[in-house]
**Student:** 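The structure follows.
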There are 2 protein chains.
Amino acid sequence: MPHGYGYGSPWWHGRFRGCGYRITVPRQAILDFLSRTSKHMSAEDIYVGIHKTFPNVGLTTVYRTLELLVEMGLVFKFDFGDGRARYELAMGPKGVRHHHHLVCTSCGRAIDYTDFIDEEKELLARTEKGLSEKYNFRISNHLIQFYGLCDKCRGK
Amino acid sequence: MPHGYGYGSPWWHGRFRGCGYRITVPRQAILDFLSRTSKHMSAEDIYVGIHKTFPNVGLTTVYRTLELLVEMGLVFKFDFGDGRARYELAMGPKGVRHHHHLVCTSCGRAIDYTDFIDEEKELLARTEKGLSEKYNFRISNHLIQFYGLCDKCRGK
DNA sequence: ATATAAATGAAAATGATTTTCAATAAGAGT
DNA sequence: ACTCTTATTGAAAATCATTTTCATTTATAT
């Protein structure tokens, strides 16, 4: 099997071992679950999602694991303004899934978009460089979100 | 006094009256306080800030007023990732204060920046147009934040 | 197989924000 | 100015996502 991780250890085992973190059932369950969806999941969504298969993984552990994954850079954490954080796998075997969000201020739905990323990337790189120098900031990340009304909510 | 609103009713009275909202002491206090600062204030910051002069304005009213002001578009609400919302006056007599933020992931400090706004504006306008059409979204706003370590937090 | 420290789950704590509800006050009409 | 109507308010209680505590379990180095 050239490329792909169908058999053998999942690709992220090395990252864990390298950081001295243990590979546990809840962590595998959560990463596996996240890798099977492209939606924006809340901690509770994930808890519910794995509960059928792993009934003894608690919500606390989901929160703790997500915090760890965010800190490791494996997961992105977003705030769409409804008071609960959303999580998404940052990258898979194929690399970083770079995208931004269109958030509906009425129903809270968030749509991923990857359009215009190339021009955007170029501008962002320049902006980051300029800002880093001017404010002596080490920029590691950015967030772009557009807000508005989705097609369903437009008709009032 | 040509231009400026030093005497007479504050500029936002009309907006309130037009919406059928009453002009009350707490609302005046909060708007006045926000117009005197350029910092990013939490609801409690505002509560504390006006408490000396207006000891009988409660925290509940601060939250309620901010919600109203955000809905009216007079105030922007931001999330810098520390669990408490921050508020800023959206515009003054001089117009919209368009800027974005550099957020330090270590100390939580947020720096305003207005650099590169012109190029950015152009790209954003194009992106908004494209996204609006493609996803049938009515975009009304956007958020851009850069995350990293500020000068003070860089030296670990 | 064993030791040891990391990881876990349940319950309790936290803390920002919201809701409830009776009391107050803004503003229209007089 | 006075009255009426209803929006607005403040205090206390409720909510709810997330975090902390702590005794127990488990991954993994030995």
Side-chain angles (χ1 to χ4, degrees), chain A residues 9-10 12-31 33 40-72 74-75 77-87 108, chain B residues 9-10 12-31 33 40-72 74-75 77-87 108:
Chain A
S9 292
W12 47 269
H13 277 197
R15 286 288 294 275
F16 268 67
R17 294 246 160 71
C19 297
Y21 298 137
R22 294 180 179 174
I23 291 155
T24 67
V25 170
R27 287 172 181 175
Q28 305 207 60
I30 291 166
L31 272 166
F33 180 72
H40 321 105
M41 307 298 253
S42 69
E44 191 165 4
D45 290 336
I46 296 167
Y47 170 75
V48 170
I50 64 180
H51 191 264
K52 200 171 177 182
T53 322
F54 300 95
N56 28 8
V57 172
L59 182 56
T60 306
T61 297
V62 173
Y63 274 107
R64 270 190 297 232
T65 301
L66 288 170
E67 186 186 16
L68 184 76
L69 296 174
V70 168
E71 180 221 297
M72 291 176 74
L74 298 183
V75 162
K77 181 180 183 179
F78 292 100
D79 167 51
F80 295 151
D82 66 347
R84 46 172 60 191
R86 302 310 168 94
Y87 301 86
Chain B
S9 291
W12 47 268
H13 276 199
R15 286 289 294 275
F16 267 67
R17 293 247 160 71
C19 296
Y21 299 137
R22 293 179 181 174
I23 291 155
T24 67
V25 170
R27 287 172 181 176
Q28 304 208 60
I30 291 166
L31 271 166
F33 179 74
H40 321 105
M41 308 297 253
S42 68
E44 191 164 5
D45 290 337
I46 296 167
Y47 170 75
V48 170
I50 63 180
H51 192 262
K52 201 172 177 180
T53 321
F54 301 95
N56 29 9
V57 172
L59 182 55
T60 307
T61 298
V62 174
Y63 274 107
R64 270 190 295 231
T65 301
L66 288 170
E67 186 186 14
L68 184 74
L69 296 174
V70 168
E71 180 220 295
M72 290 175 74
L74 298 182
V75 162
K77 182 180 184 179
F78 292 100
D79 166 51
F80 295 150
D82 66 347
R84 44 171 59 189
R86 304 309 168 94
Y87 301 86

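As the structure is a computational prediction, the values presented were derived from the model and not from experiment. Chain A is the first sequence line, chain B the second, and so forth, proteins listed ahead of strands; every chain is numbered from 1.
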**Student:** On DNA chain C, does the nearest nucleotide to Tyr47(A) precede the nearest nucleotide to Tyr87(B) from the 5' side, or the other way round? Give the residue.
**Tutor:**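 Result: Tyr47(A).
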
**Student:** Apply ring pair (Phe, Tyr, Trp, His ring centres under 6.0 Å) to the pair His40(B) and Phe80(B), showing each step before the final yes or no.
**Tutor:** CA-CA 10 Å; His40(B) 321 105; Phe80(B) 295 150; 5.4 Å; yes

**Student:** In whole angstrom, give the distance that lies between atom NZ of Lys77(A) and atom P of dT19(D).
**Tutor:**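 Computing the Lys77(A):NZ to dT19(D):P distance gives 6 Å.
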
**Student:** Does Thr61(A) place a side-chain N or O at less than 4.0 Å from the phosphate oxygens OP1/OP2 of dG9(C)?
**Tutor:**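 Yes, Thr61(A) has a side-chain N/O under 4.0 Å of OP1/OP2 on dG9(C).
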
**Student:** Between dA23(C) atom P and Asn56(B) atom CG, what is the distance in whole Å?
**Tutor:**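 Atom CG in Asn56(B) sits about 18 Å away from atom P in dA23(C).
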
**Student:** Nearest-nucleotide wise, let me know which of Glu44(A) and Leu59(B) is further upstream toward the 5' end of DNA chain D.
**Tutor:**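 Mapping each residue to its closest nucleotide by heavy atoms, the 5'-most match is Leu59(B).
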
**Student:** Respond yes when some side-chain nitrogen or oxygen of Tyr63(A) is under 4.0 Å from OP1 or OP2 of dT19(D), and no when none is.
**Tutor:**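 The answer is no; no side-chain N or O of Tyr63(A) sits under 4.0 Å from OP1 or OP2.
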
**Student:** Without decimals, in angstroms, what is the distance between Leu66(A) CG and dT8(C) C1'?
**Tutor:**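 That distance rounds to 15 Å.
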
**Student:** Heavy atoms from C-beta onward define the side chain here; which of dA17(D), dT19(C), dT17(C) lies closest to that of Thr60(B)?
**Tutor:**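 Minimum distance to the Thr60(B) side chain belongs to dT19(C).
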
**Student:** To the nearest 0.5 Å, how far apart are CD1 in Ile46(B) and CZ in Arg86(B)?
**Tutor:**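 Output value for this atom pair is 10.5 Å.
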
**Student:** So does Arg22(B) get a side-chain nitrogen or oxygen closer than 4.0 Å to the phosphate oxygens (OP1/OP2) of dT6(D)?
**Tutor:**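 Result: no.
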
**Student:** Given atom CD1 of Ile23(B) and atom C1' of dT24(C), what is their separation to the nearest angstrom?
**Tutor:**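 Value for this atom pair: 18 Å.
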
**Student:** Verify the contact: side-chain N or O of Arg84(A) to OP1 or OP2 of dA17(D), cut-off strictly under 4.0 Å; return yes or no.
**Tutor:**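 The answer is yes; a side-chain N or O of Arg84(A) sits under 4.0 Å from OP1 or OP2.
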
**Student:** Return the nearest nucleotide to the side chain of Ala85(A); candidates are dT18(D), dT8(D), dT8(C).
**Tutor:**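 For Ala85(A), the side-chain atoms sit closest to dT18(D).
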
**Student:** Please work out whether the ring planes of His51(B) and Tyr47(B) are parallel, tilted or perpendicular, with thresholds of 30° and 60°.
**Tutor:**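 Correct class here is tilted.
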
**Student:** Atom CZ of Arg86(B) to atom C1' of dT17(C): distance rounded to whole Å?
**Tutor:**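 So the two atoms are 15 Å apart, to the nearest Å.
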
**Student:** State whether the distance check finds a donor on one side and an acceptor on the other, under 3.5 Å, for side chain Arg64(A) versus base dG9(C).
**Tutor:**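 Side chain to base: pair present.
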
**Student:** To the nearest angstrom, how far is Asp82(A) atom CG from dT18(C) atom P?
**Tutor:**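 Rounded to whole Å, this separation is 12 Å.
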
**Student:** Take the protein atom CZ of Phe80(B) and the nucleotide atom P of dA16(C), then report the distance between them rounded to whole Å.
**Tutor:**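 It works out to 17 Å between those atoms.
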
**Student:** With a 4.5 Å heavy-atom cut-off, do Met72(A) and Tyr21(A) have their side chains touching?
**Tutor:**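 Yes, close enough: below the 4.5 Å cut-off.
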
**Student:** Between Leu68(A) and Phe16(A), is any pair of side-chain heavy atoms under 4.5 Å apart?
**Tutor:**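 Heavy-atom side-chain distance check passes, below 4.5 Å.
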
**Student:** Counting just side-chain N and O atoms, does Thr24(A) come under 4.0 Å of either OP1 or OP2 of dT8(C)?
**Tutor:**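 Checking Thr24(A) against dT8(C): at least one side-chain N or O falls below 4.0 Å of OP1 or OP2.
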
**Student:** I need the OH-C1' distance between Tyr21(A) and dT8(C), as an integer number of Å.
**Tutor:**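 Taking atom C1' of dT8(C) as the reference, OH of Tyr21(A) is at 16 Å.
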
